[in-house]
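Note sheet for the following structure.
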Amino acid sequence: QVQLVESGGRLVQAGSSLRLSCAASGRALSMFAMGWFRQAPGKEREIVAGINWSGATTYYADSVKGRFTISRDNARNTVYLQMTSLKPEDTAVYYCAVSRRAIATMTGGEIYYWGQGTQVTVSS
């Protein structure tokens, strides 16, 4: 059984930076794409960023392009989300995910495993 444990979420001011981490255990995930989703109150869960199995290809939602960077360390079975220039609209629970596929683009229906989520709150 795979466990995904996110960390790094907290309350910050607009314009700040945060780095989220997601450590996986139970299985090596180097052959799977991984991603970050988020869900704000009253809204559906949405893809934020994805990274393919090797780390060579990434995908970003338009709302975070140029501000967020996804990366992975397969030796550590860990994926990261570096977030800069945070805005109040980035406030959400952020979920780490392992895709059934190897490519960076993914939907919620293609997820093998979900993390438990970490709260990011951006104050104005």
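Computation of the quantities below employed the complete heavy-atom set of this structure, encompassing side-chain atoms and omitting hydrogens, waters and symmetry-equivalent molecules.
Side-chain contact between Phe37 and Met106 is present, with at least one heavy-atom pair separated by less than 4.5 Å.
Of the possible polar contacts, one joining the Arg67 side chain to the Ser85 backbone as a donor-acceptor pair under 3.5 Å is found. Between the side chain of Tyr60 and the backbone N or O of Ile70 there is at least one donor-acceptor pair closer than 3.5 Å. With hydrogens and angles disregarded, a donor-acceptor distance shorter than 3.5 Å links the side chain of Glu6 to the backbone of Gly117. Looking at Asn52, its side chain does come within 3.5 Å of a backbone N or O of Thr57 through a donor-acceptor pair. Within the 3.5 Å criterion, the main-chain N or O of Thr84 finds no donor-acceptor partner in the side chain of Ser17. A distance-only check finds no donor-acceptor pair linking the side chain of Asn77 to the backbone of Ala23 [under 3.5 Å].
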Q: Test ring-ring contact (aromatic ring centres under 6.0 Å, His included) on Phe32 and Tyr112 and set out the steps.
A: CA-CA 10 Å; Phe32 299 94; Tyr112 258 143; 5.7 Å; yes
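Val120 pairs with exactly one of Leu11, Leu20, Thr91 by the side chain to side chain contact (heavy atoms under 4.5 Å, CB included) rule, that one being Leu20. For the side chain to side chain donor-acceptor pair (under 3.5 Å) test with Arg76, the passing option among Asp73, Asn74, Thr78 is Asp73; the others fail.
Each disulfide bond (SG atoms under 2.5 Å apart) pair with one or both residues in residues 18-108, not counting sequence neighbours, appears once here: Cys22-Cys96.
For the pair Arg45 and Trp114, the distance from NZ or CZ to the six-membered ring centre is under 6.0 Å and the angle to the ring normal is within 45 degrees.
Counting non-hydrogen atoms of neighbouring residues, nucleotides and ligands closer than 6.0 angstrom, the CD atom of Gln3 reaches no more than 12 such neighbours.
With hydrophobic clusters built from ILVMFWY side chains whose heavy atoms lie under 4.5 angstrom apart, Val12 does not share a cluster with Tyr80. Both Leu4 and Leu18 are members of a single hydrophobic cluster when ILVMFWY side chains are connected at heavy-atom separations under 4.5 Å.
Comment: Arg101 engages Glu110 in a salt bridge, judged by a side-chain N to carboxylate O separation of less than 4.0 angstrom. With respect to Asp90 and Lys87, no salt bridge is recorded, no charged nitrogen being found less than 4.0 Å from a carboxylate O.
Across all their heavy atoms, Pro88 and Ala14 have their closest contact at CD-CB, 4.1 Å.
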